[in-house]
Q: 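Before anything else, here's the structure in question.
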Amino acid sequence: MSKTNLYKIYDNSPKIKQIVDGLQQAKQKIQLNGLIGSSLSFVTQALFKKTEKPFLLILNDKEEAAYYLNDLELMIGEQEVLFYPGSYRRPYQIEDTDNANVLLRAEVLNRINSRKKPAIIVTYPEALFEKVVTRKELDKNTLKVAVGDKISIDFINEVLFEYEFKRVDFITEPGEFSVRGGIVDVFSFSNENPYRIEFFGNEVDSIRSFDVETQLSIEKQNKITIIPNVENKFFQENRESFLEYINDKTIIFIQDTELLFSKLDKLFAKATEIFENLNTTINHVNPEQLFLNQKEFIKKSLDFSIVEWSAKPIYKIDKAFEFYIKPQPSFNKQFDLLLNNLNDNHFNGYQNYLFCSNENQARRFHDIFQTLDEANSENIRKQYHTLVLPLFQGFIDEENQIACYTDHQIFERYHKFSIKSTVSKKQNIT
């Protein structure tokens with residue numbers, strides 16, 4: 001049984017079709033109740049493929065956002081799913097900015113601005129709390145370079161200094177560039193890998209992205225955009241909420257609306273308190289210009305279609321849909337209990353899926369079950385399917401009659417999430 005067949009169960013679901021029909025209308029407010037664990041990811045990927053609209057997923061916190069990001073990357077592909085993190089550790093502490101997160105934020109803004117095909121943006125309250133540079137300001141401070149352009153190295157040098165890029169011998173992180181003969185290496189804030197621009201006289205001869213560690217080329221580019229640090233104080237004056245920046249056709253999914261509102265207000269109150277205690281001799285920008293509060297979020301969000309995943313919706317709902325899904329049972333590493341459960345599911349007409357992190361883990365399940373009941377091993381193999389698909393959390397979907405269990409929950413192991421970052425690369429370079 002392949003992953004594709006499992007996705008098709010949701011892609012072809014009549015309930016998914018009804019939700020898609022609802023989302024084709026503007027400014028719809030929909031409630032989806034009962035989605036547990038990675039069932040939320042299966043439903044989201046099906047809706048995304050069918051609506052062909054941009055999605056903004058607001059999860060409860062960074063960790064949960066990262067887990068669902070990884071789920072969707074596996075299901076849809078990394079190019080279609082973007083992570084939008086917070087950049088500050090504390091409001092008004094510019095030196096406390098996380099550079100890797102600034103790059104991820106800029107990458108999202110650049111993707112939206114480039115008007116490429118729709119993507120899923122995964123985020124959380126602390127990230128939305130920070131306002132972003134306006135589209136006009138970003139356009140004004142974006143350097144576009146294409147193969148064949150007549151442009152001098154001196155001009156690029158001047159523009160990058162104006163963008164507050166730092167000239168170094170070898171680039172290691174966003175915001176740096178180097179010039180050697182007819183070659184300019186630049187690490188834009190809009191891409192996870194730096195670019196190498198080769199000149200023939202005053203003409204751009206070739207552009208390619210390359211790996212910082214190995215210096216080897218990754219892929220050729222016809223045109224690139226170089227943007228500065230969008231969280232820089234240089235941009236502080238002109239800011240807008242992320243909801244003003246995104247496409248008006250974007251569908252906003254909220255895991256827990258009440259929690260989101262509460263977090264925005266707490267963060268805003270904290271920012272206001274810090275602002276009031278700042279040194280008055282320096283002119284600081286008001287919190288309203290830099291940060292988003294609950295009231296402003298609600299006002300802006302009403303212009304979008306919204307899907308609430310919670311049991312208690314806050315918005316006035318146009319349509320509600322109930323999913324009949326239970327969490328994965330706990331087996332406390334007792335594999336005889338797991339085997340009995342799979343057997344019961346199979347007897348009741350359910351398809352069993354064991355999501356594994358790799359092929360070795362899949363073989364381990366086969367070996368364990370064979371040891372438990374060697375005489376009946378052939379029949380046992382027919383009762384479940386193993387898939388190499390390391391998802392966040394298992395679930396039992398009563399409506400579609402499928403039981404999806406994750407190996408890390410069965411073995412009671414910690415399931416790691418991963419967010420792409422250039423920081424680890426920088427630390428490897430001497």
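From a predicted model like this one, the values you see are computed outputs, not experimental measurements. Heads up: numbering here begins at 1 and tracks the sequence.
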Q: Any salt bridge between Glu240 and Lys300, counting N to O under 4.0 Å?
A: no

Q: Where is the tightest heavy-atom contact between Ser330 and Glu412, given as atom of each residue plus distance?
A: OG-OE2, 4.3 Å

Q: Given salt bridge (Lys or Arg N to Asp or Glu O under 4.0 Å), test Lys144 with Asp149 step by step and report yes or no.
A: CA-CA 10 Å; Lys144 294 181 173 126; Asp149 281 355; over 6 Å; no

Q: Between Phe187 and Phe177, is a ring pair (Phe, Tyr, Trp, His ring centres under 6.0 Å) present by the stated rule, with each step listed?
A: CA-CA 6 Å; Phe187 208 144; Phe177 77 103; over 10 Å; no

Q: Ring pair (Phe, Tyr, Trp, His ring centres under 6.0 Å) with Tyr405: which of Phe395, Phe331, Tyr384, Tyr353?
A: Phe331

Q: Between Gln328 and Gln393, is a side-chain hydrogen bond (donor to acceptor under 3.5 Å, both in side chains) present by the stated rule, with each step listed?
A: CA-CA 8 Å; Gln328 173 175 332; Gln393 284 179 347; over 6 Å; no

Q: Whether the Asn110 and Thr225 side chains hold a donor-acceptor pair (N or O, under 3.5 Å, no angle test) is what I'd like checked.
A: yes

Q: For residues Gln383 and Asn343, is any side-chain donor paired with an opposing acceptor at under 3.5 Å?
A: yes

Q: Please lay out, stage by stage, how Leu57 and Ile120 fare under the test side chain to side chain contact (heavy atoms under 4.5 Å, CB included).
A: CA-CA 7 Å; Leu57 273 53; Ile120 295 179; 3.8 Å; yes

Q: Would you say the ring centers of Phe392 and Tyr68 fall short of 6.0 Å from each other?
A: yes

Q: Kindly determine whether Lys326 and Glu398 satisfy salt bridge (Lys or Arg N to Asp or Glu O under 4.0 Å), including the steps that lead there.
A: CA-CA 8 Å; Lys326 296 190 298 191; Glu398 295 179 336; 3.5 Å; yes

Q: Mind running side-chain hydrogen bond (donor to acceptor under 3.5 Å, both in side chains) on Asp344 and Tyr350 for me, showing each step along the way?
A: CA-CA 9 Å; Asp344 290 344; Tyr350 281 69; over 6 Å; no

Q: Is the Lys NZ or Arg CZ of Lys15 less than 6.0 Å from the centre of Phe323's six-membered ring, within 45° of the axis?
A: yes

Q: Given side chains that start at C-beta, do those of Ser87 and Glu130 come closer than 4.5 Å, heavy atoms only?
A: yes

Q: For the pair His415 and Tyr67, name the ring-plane relationship: parallel under 30°, tilted 30 to 60°, perpendicular over 60°.
A: parallel

Q: Ignoring hydrogens and geometry beyond distance, is a side-chain donor-acceptor pair present between Asn193 and Ser209 at under 3.5 Å?
A: no

Q: Could you check whether Asp139 pairs with Arg135 (Lys NZ or Arg NE/NH1/NH2 to Asp/Glu carboxylate O, under 4.0 Å)?
A: no

Q: Is it the case that Glu73 and Asn70 place a side-chain donor and acceptor less than 3.5 Å from each other?
A: yes

Q: Are Arg239 and Phe291 in a cation-pi contact, defined as NZ or CZ under 6.0 Å from the six-membered ring centre and within 45° of the axis?
A: no

Q: Which atom pair, heavy atoms only, marks the closest approach of Ile218 to Phe210?
A: CD1-C, 3.6 Å

Q: Begin with the C-alpha distance, continue with both residues' side-chain angles, and end with the deciding distance and a verdict on side chain to side chain contact (heavy atoms under 4.5 Å, CB included) for Leu160 and Ile226.
A: CA-CA 9 Å; Leu160 292 176; Ile226 300 168; 3.9 Å; yes

Q: Under a plain distance cut-off of 3.5 Å, with no hydrogens placed, do Thr172 and Glu176 share a side-chain donor-acceptor pair?
A: yes

Q: Show your reasoning for whether side chain to side chain contact (heavy atoms under 4.5 Å, CB included) applies to Asp397 and Tyr10.
A: CA-CA 11 Å; Asp397 186 334; Tyr10 290 94; 2.7 Å; yes

Q: Would you call Asp11 and Lys49 a salt bridge, using N to O less than 4.0 angstrom?
A: yes

Q: Using a 3.5 Å distance criterion without hydrogens, assess whether the side chain of Asn286 forms a donor-acceptor pair with backbone atoms of Glu288.
A: no

Q: Given the rule in the ring pair (Phe, Tyr, Trp, His ring centres under 6.0 Å) test, do Phe365 and Phe411 qualify, once you have shown the distances and angles that lead to the verdict?
A: CA-CA 11 Å; Phe365 276 121; Phe411 290 103; 5.4 Å; yes

Q: Check Ile171 against Val212 and note the closest heavy-atom contact, atom names and distance.
A: O-CG1, 3.8 Å

Q: Establish, from distance only, whether the side-chain atoms of Thr257 and Glu308 form a donor-acceptor pair under 3.5 Å.
A: yes

Q: Taking all heavy atoms of Ala271 and all of Pro287, pick out the closest pair and write down the distance.
A: O-CG, 4.4 Å

Q: For a salt bridge (Lys or Arg N to Asp or Glu O under 4.0 Å) check, start with the C-alpha distance between Glu137 and Lys140, then their side-chain angles and the critical distance, and finish with the verdict.
A: CA-CA 5 Å; Glu137 200 73 27; Lys140 195 171 80 179; 3.7 Å; yes

Q: Once you round to the nearest 0.5 Å, how far does CG of Leu56 lie from CD1 of Ile121?
A: 6.0 Å

Q: Picking from Thr44, Val43, Asn33, Ile58, what satisfies side chain to side chain contact (heavy atoms under 4.5 Å, CB included) with Trp309?
A: Thr44

Q: How close do Asn222 and Ile207 get, counting heavy atoms only, and between which atoms?
A: O-CD1, 4.1 Å

Q: Under a plain distance cut-off of 3.5 Å, with no hydrogens placed, do Ser38 and Asp71 share a side-chain donor-acceptor pair?
A: yes

Q: Between Asp367 and Arg363, is the salt bridge (Lys or Arg N to Asp or Glu O under 4.0 Å) condition met? List the steps.
A: CA-CA 6 Å; Asp367 293 343; Arg363 282 194 288 272; over 6 Å; no

Q: Check the angle between the aromatic planes of Phe165 and Phe189 and answer parallel, tilted or perpendicular using the 30° and 60° thresholds.
A: perpendicular

Q: Charged N to carboxylate O under 4.0 angstrom, Arg208 versus Glu219?
A: no

Q: Using the side chain to side chain contact (heavy atoms under 4.5 Å, CB included) rule, take Asn293 and Leu264 through it: C-alpha gap first, then chi angles, then the decisive distance, then the call.
A: CA-CA 5 Å; Asn293 59 24; Leu264 287 177; 5.7 Å; no

Q: Relative to each other, are the rings of Phe261 and Tyr315 parallel, tilted or perpendicular (30° and 60° limits)?
A: perpendicular

Q: Any side-chain heavy atom of Val108 within less than 4.5 Å of one from Phe242?
A: yes

Q: For Gly34 and Ile325, work out which heavy atoms get closest and say how close.
A: O-CB, 3.5 Å

Q: Between Asn60 and Asp256, do the side chains contain an N or O donor and an N or O acceptor separated by less than 3.5 Å?
A: no

